[in-house]
Number of protein chains: 2
Amino acid sequence: MPRTDSIEVANALHRASIRLLRMVRAVDDQTGVSAPKLSALSVLTFGGPQNLKTLARAEQVTPATMSKLVSDLEAAGLVAKRIDRADKRGVRIEVTAKGRTLMEEGRKRRLALLNKCIAKLTREERAQLAEASALMMRLAE
Amino acid sequence: MPRTDSIEVANALHRASIRLLRMVRAVDDQTGVSAPKLSALSVLTFGGPQNLKTLARAEQVTPATMSKLVSDLEAAGLVAKRIDRADKRGVRIEVTAKGRTLMEEGRKRRLALLNKCIAKLTREERAQLAEASALMMRLAE
DNA sequence: TTTATTAGTTAGTCAAACTAATTATCTGGG
DNA sequence: CCCAGATAATTAGTTTGACTAACTAATAAA
């Protein structure tokens, strides 16, 4: 039975989170695209086309930082930029077919990894983790 | 009732982990010491004095990277280095009193944050998170 | 219509990661 | 016993991603 006082729970969660993210990153590295770029690409894939400022805020970086990430993604052919017709200062950034393919391959790789670990858990344990995720989101609100 | 298939659980955990670490980092930033340095300091505090190679492995960085982190920590008076008597190639790195104080203050700040969130959970929810942490560690083995 | 604001980019800086090369020390096989 | 090779740490140099500040271009407001 694990300890349930705040500080112990927090430390355990902290360590576990670090480990988990490290494992996922190892798989994502295989795409050849860095984590910050992959993350931005993911936002564009699942959140749809958007302008630079919105994307920067979603990723919690400055517009200047995002500008560079996006221009690198564009050079790699993973996103396309187009000037916003309504406001010519703005750009509309969207994922290309190549970008989508890369994301899909990443998803497959991640799934392959999962079949080697999460699948080993029982249905009950998976449910436990799913509920814990919801609690963690509530915590960090 | 959250979904329990692998890919959904994994995505939920991934997002939750990112959020949680981001929240903790905001507090740790107040120490004025960067996350990588703070992490190394933590290993030294709880794992005791050790040589550079061991510390580098614990933090999963190259000895070259750790060498710089440690020399910065030394310049800040948070750790002390001493040549190993048994093997003069090696150094013994240990936390100073100042380093311990900083860690302790960090712990207090983190606790203060926790009293504003984890404490809001019920005893049962905390137990749930504690068990989930253990599962996450098993996942990432 | 002039002034202020907003969107994005560019330039320059910094920290932290890496690899490769260097220095100093240790160790084992002839 | 001693030298060749291994090992510990550091140093040099590069890359990436973060920042701020300064800039251009376009829009909004006075």
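Reckoned from all heavy atoms, side chains included, excluding hydrogens, waters and symmetry mates. In what follows, every chain begins at residue 1, and chains take the letters A, B, ... in the order their sequences are listed.
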S.K.: Using a strict cut-off of less than 4.0 Å between a Lys/Arg side-chain nitrogen and an Asp/Glu carboxylate oxygen, indicate whether A:Arg107 and A:Glu104 qualify as a salt bridge.
M.R.: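 Between A:Glu104 and A:Arg107 there is a salt bridge, with a charged N closer than 4.0 Å to a carboxylate O.
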S.K.: Given atom CG of B:Asp29 and atom C1' of D:dA18, what is their separation to the nearest angstrom?
M.R.: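 Whole-Å distance recorded here is 13 Å.
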S.K.: Check the phosphate of D:dA6 against B:Lys53, side-chain N and O only, distance under 4.0 Å to OP1 or OP2. Yes or no?
M.R.: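 No, B:Lys53 has no side-chain N/O under 4.0 Å of OP1/OP2 on D:dA6.
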S.K.: Going from CG on A:Leu44 to CG on A:Leu78, what distance comes out if it is rounded to the nearest 0.5 angstrom?
M.R.: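 Nearest 0.5 Å value for the CG-CG distance: 10.5 Å.
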S.K.: Nearest heavy-atom pair of B:Leu73 and B:Ala40: which atoms, and what distance?
M.R.: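 Scanning both residues completely, I find the closest heavy atoms to be CD1-CB, 4.4 Å.
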S.K.: Where is the tightest heavy-atom contact between A:Leu121 and A:Leu129, given as atom of each residue plus distance?
M.R.: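 For A:Leu121 versus A:Leu129, the nearest heavy atoms are CD1-CD1, 3.7 Å.
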S.K.: Tell me the interatomic distance from A:Leu69, atom CG, to D:dT16, atom P, rounded to whole angstroms.
M.R.: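 Nearest whole value for this atom pair: 12 Å.
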S.K.: Among C:dA16, D:dA9, C:dG8, find the nucleotide with the atom closest to the side chain of A:Val91.
M.R.: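 Looking only at side-chain atoms, A:Val91 lies closest to C:dG8.
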S.K.: Polar atoms only, N or O, under 3.5 Å: list the protein pairs with nucleotides 26-30 of chain D and their distances.
M.R.:
from: D:dT27; atom 1: OP1; to: A:Lys88; atom 2: N; distance (Å): 3.1

S.K.: For A:Arg100, what residues pass the salt bridge (charged side-chain N to carboxylate O under 4.0 Å, His left out) criterion, not counting sequence neighbours?
M.R.: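 A:Arg100 satisfies salt bridge (charged side-chain N to carboxylate O under 4.0 Å, His left out) with no other residue.
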S.K.: Between A:Arg123 and A:Glu125, does a salt bridge (charged side-chain N to carboxylate O under 4.0 Å, His left out) hold up when you go through it step by step?
M.R.: CA-CA 5 Å; A:Arg123 181 179 185 74; A:Glu125 286 170 331; over 6 Å; no
S.K.: Could you measure the distance from the OG1 atom of B:Thr45 to the CG atom of B:Leu102? Nearest 0.5 Å is fine.
M.R.: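 Separation between the atoms: 9.0 Å.
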S.K.: If you look at every heavy atom in A:Pro49 and A:Arg92, which pair is closest and at what distance?
M.R.: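 Looks like CG-NH2, 3.4 Å.
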S.K.: Would you list the protein and nucleotides 18-23 of chain C atom pairs, both N or O, that sit under 3.5 Å from each other?
M.R.:
from: C:dC18; atom 1: OP2; to: B:Thr62; atom 2: N; distance (Å): 3.0
from: C:dC18; atom 1: OP2; to: B:Thr62; atom 2: OG1; distance (Å): 3.1
from: C:dC18; atom 1: OP2; to: B:Thr65; atom 2: OG1; distance (Å): 2.8

S.K.: Among all residues two or more places apart in sequence or in another chain, which pass the side-chain contact (heavy atoms from CB on, under 4.5 Å) test with B:Val43?
M.R.: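 B:Val43 satisfies side-chain contact (heavy atoms from CB on, under 4.5 Å) with B:Gln50, B:Leu55, B:Ala58, B:Glu59 once adjacent residues are dropped.
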S.K.: Distance check needed: C:dA15 P versus B:Met66 CE, whole Å only.
M.R.: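 So the CE-P distance, B:Met66 to C:dA15, works out to 17 Å.
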S.K.: Quickly work out the A:Asp72 CG to D:dA18 P distance and round it to whole Å.
M.R.: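 Rounding to the nearest Å, CG of A:Asp72 and P of D:dA18 are 11 Å apart.
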S.K.: Just to be sure I understand the rule, does A:Lys37 reach a base, reach only the sugar-phosphate, or reach nothing, if contact means heavy atoms closer than 4.0 Å?
M.R.: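 A:Lys37: backbone/sugar contact only, no base atoms under 4.0 Å.
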S.K.: Heavy atoms within less than 4.0 Å of DNA chain C: which residues of residues 43-52 of chain A have one? Give them sorted by number.
M.R.: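 A:Asn51, A:Leu52 - these, ordered by number, are the residues of the stretch whose heavy atoms sit under 4.0 Å from the strand.
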S.K.: Using a 4.0 Å heavy-atom cut-off, does B:Ser34 contact any base of the nucleic acid, only the sugar-phosphate backbone, or nothing at all?
M.R.: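 Touches sugar-phosphate only.
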S.K.: Under the salt bridge (charged side-chain N to carboxylate O under 4.0 Å, His left out) rule, what pairs show up with a residue in residues 30-45 of chain B, not counting sequence neighbours?
M.R.: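 Sorted result for residues 30-45 of chain B: B:Lys37-B:Asp72.
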S.K.: First locate atom NZ of B:Lys81, then atom OG of B:Ser67, and finally report the distance between them rounded to the nearest 0.5 Å.
M.R.: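 With rounding to 0.5 Å, NZ (B:Lys81) is 5.5 Å from OG (B:Ser67).
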